[in-house]
**Student:** 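Attaching a single structure in structure tokens format; questions to follow.
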Amino acid sequence: QLPVSIAAPSCSSGGLQRKPAGEGPRRAPARMGSSTLASAAFDTKASERGASVESAEEGAAPAAEEAAELHRDGSLRRRCLAISQGLVVSSIAYGGVFAVSGGDSQVTEDVVDLIHSTYTSSVALRGMASLRRRVGHVLALPAAMASDDSAVVRMFCRSIGYFFADVLLIISERCAGRKPHLWQGRLAHHAVQAVANLTCIFRTEAMEQTLALRSVLCIAYFAEFSNIFLRLSNMMRRGGAVRAQRGI
């Protein structure tokens, strides 16, 4: 006897059809279980975390290099030495100009302050020319220009040394019973300048804060440029008055 296989009717475009004999039941396509989906999601998140860690490490490398560029070993001693240089050179310059001018303190102050303003404004102009856009800052100095051994920071140190020398001059004049020109305003200015300069020179814990402070102070120092014309005007006016007195 021939085996007879009765297949269940199936619906298709041609109507009812019978399955051939010997063909087993069709299986539905396999579906992912919840554990498989969770494993795939975990692997995806792990790969994303790995990529973010790699990118963070790549970004941390330049930051570490900039921090090393900004703060170098032994720079504290050199910064203190630069402050001492500013104080000593300013005192020597004041004494030399005072002797040459015949003891005229007004001429001496104009000449020495003219030298200081010319030096500080020229360094500040160089720093401003190097300002660049930076993440977290509108404009900032490059790390090389804001480092502890840079010309900008040395200028901060020597400038505060100059102001310290002027403080010592005012104290000595007051002890001798004399009143230097505008001595109270000069002391107030030097106190404010000392806070600004010493903070930028010695506060070096956070790289971004140090960079911001030094960049802003560098821009502010360009205001010394206007002092050049003020001192030249005083010297020319005083020279004209002397010539007029000689003519009389």
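What you see is a predicted model; the values in this text were computed from it and never measured.
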**Student:** Please determine whether residues Ile83 and Ile92 belong to a single hydrophobic cluster, defined as Ile, Leu, Val, Met, Phe, Trp and Tyr linked transitively by side-chain heavy-atom distances below 4.5 Å.
**Tutor:**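 No: no chain of side-chain contacts under 4.5 Å links Ile83 to Ile92.
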
**Student:** Regarding Ser150 and Arg154, is there a side-chain donor-to-acceptor distance under 3.5 Å anywhere?
**Tutor:**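 No, no side-chain donor-acceptor contact under 3.5 Å.
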
**Student:** Does Asp149 come within less than 4.0 Å of Arg78, counting only side-chain N to carboxylate O?
**Tutor:**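 Here Asp149 pairs with Arg78 in a salt bridge, since their nearest N and O are under 4.0 Å apart.
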
**Student:** Does Phe225, at its CZ atom, have more than 12 non-hydrogen atoms belonging to other residues, nucleotides or ligands within less than 6.0 Å?
**Tutor:**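 Result for CZ/Phe225: open.
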
**Student:** If two hydrophobic side chains count as joined below 4.5 Å and joins carry through other members, does Phe202 share a cluster with Leu213?
**Tutor:**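 No; tracing contacts between hydrophobic side chains, which count when under 4.5 Å, never links both residues.
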
**Student:** Taking Ser233 for the side chain and Phe229 for the main chain, is one N or O donor matched with an acceptor at less than 3.5 Å?
**Tutor:**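 Not at all, since once roles are kept as given, no pair shorter than 3.5 Å links the two residues.
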
**Student:** So which atom in Leu217 and which in Ala196 form the shortest heavy-atom distance, rounded to 0.1 Å?
**Tutor:**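 Leu217 and Ala196 have their closest heavy atoms at CD2-O, 4.0 Å.
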
**Student:** Would you say that Ser147 contacts Val153 through its side chain, given a criterion of any heavy-atom pair below 4.5 Å between the two side chains?
**Tutor:**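 In short, these two side chains do not touch, never coming nearer than 4.5 Å.
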
**Student:** With a cut-off of 3.5 Å and sequence neighbours excluded, list every side-chain donor-acceptor pair involving residues 157-172.
**Tutor:**
| residue | atom | partner | partner atom | Å |
| --- | --- | --- | --- | --- |
| Arg158 | NH1 | Tyr119 | OH | 3.2 |
| Ser159 | OG | His116 | NE2 | 2.9 |
| Ser159 | OG | Tyr221 | OH | 2.5 |
| Tyr162 | OH | Asp113 | OD1 | 2.8 |
| Asp166 | OD1 | Arg186 | NH2 | 2.6 |
| Asp166 | OD2 | Arg186 | NE | 3.2 |
| Asp166 | OD2 | Arg186 | NH2 | 3.3 |
| Asp166 | OD2 | His190 | NE2 | 2.6 |
| Ser172 | OG | Leu168 | O | 3.3 |
| Ser172 | OG | Leu169 | O | 2.7 |

**Student:** Any link between Met155 and Val88 through a network of hydrophobic side chains (Ile, Leu, Val, Met, Phe, Trp, Tyr) touching at under 4.5 Å?
**Tutor:**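 No, Met155 and Val88 fall in different hydrophobic clusters.
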
**Student:** Can you tell me how far the CG atom of Asn227 sits from the OG1 atom of Thr120, to the nearest 0.5 Å?
**Tutor:**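 One finds 8.5 Å between CG of Asn227 and OG1 of Thr120.
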
**Student:** Under 4.5 Å between any side-chain heavy atoms of Arg214 and Val152, yes or no?
**Tutor:**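 With C-beta onward as the side chain, the pair stays apart.
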
**Student:** Do you know which two heavy atoms are closest between Thr108 and Phe98, and how far apart they sit?
**Tutor:**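 Looking at all heavy atoms of both residues, the shortest contact is OG1-CA, 3.2 Å.
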
**Student:** Evaluate Phe222 against Ser122 for side chain to side chain contact (heavy atoms under 4.5 Å, CB included), listing each step before the verdict.
**Tutor:** CA-CA 8 Å; Phe222 188 66; Ser122 62; over 6 Å; no

**Student:** Under the side-chain contact (heavy atoms from CB on, under 4.5 Å) test against Met235, which residue among Val107, Leu230, Leu114 passes?
**Tutor:**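 Only one option passes, and that is Leu114.
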
**Student:** Which pair of heavy atoms, one from Ser130 and one from Leu141, lies closest together, and at what distance?
**Tutor:**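 It is OG-CD2, 3.8 Å.
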
**Student:** Would you mind reporting whether Ile219 and Leu131 have side-chain heavy atoms less than 4.5 Å apart?
**Tutor:**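 Yes - at least one pair of side-chain heavy atoms lies under 4.5 Å apart.
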
**Student:** Do Trp183 and Glu173 have side-chain heavy atoms sitting under 4.5 Å apart?
**Tutor:**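 Trp183 does not reach Glu173 side chain to side chain.
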
**Student:** Shared ILVMFWY cluster between Val100 and Val89, side chains joined below 4.5 angstrom?
**Tutor:**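 They do not share one cluster, since no chain of ILVMFWY contacts under 4.5 Å joins Val100 to Val89.
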
**Student:** For Arg237, is there an ion pair with Asp110 - N to carboxylate O distance below 4.0 angstrom?
**Tutor:**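 A salt bridge is absent here (no side-chain N lies under 4.0 Å from a carboxylate O).
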
**Student:** Is the side chain of Asn197 donor-acceptor paired with the backbone N or O of Phe156 at a distance under 3.5 Å, no angle test?
**Tutor:**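 Looks like yes, one N/O pair under 3.5 Å.
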
**Student:** Between CZ of Arg126 and SG of Cys218, what distance do you get to the nearest 0.5 Å?
**Tutor:**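 One finds 10.0 Å between CZ of Arg126 and SG of Cys218.
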
**Student:** How long is the gap from CZ on Arg79 to OG on Ser84, to the nearest 0.5 Å?
**Tutor:**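 Arg79 atom CZ to Ser84 atom OG measures 13.0 Å (nearest 0.5 Å).
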
**Student:** Take a 6.0 Å sphere around CZ of Arg174 and say whether it holds more than 12 heavy atoms from other residues, nucleotides or ligands.
**Tutor:**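 Correct, the count exceeds 12.
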
**Student:** Just wondering, do Ile228 and Ser121 contact through their side chains at under 4.5 Å, heavy atoms?
**Tutor:**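 Ser121 reaches Ile228 side chain to side chain.
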
**Student:** How far apart are the C-alpha atoms of Arg134 and Glu208, what are their side-chain angles, what is the distance that settles it, and do they pass the salt bridge (charged side-chain N to carboxylate O under 4.0 Å, His left out) test?
**Tutor:** CA-CA 10 Å; Arg134 181 184 174 90; Glu208 294 298 332; 3.0 Å; yes

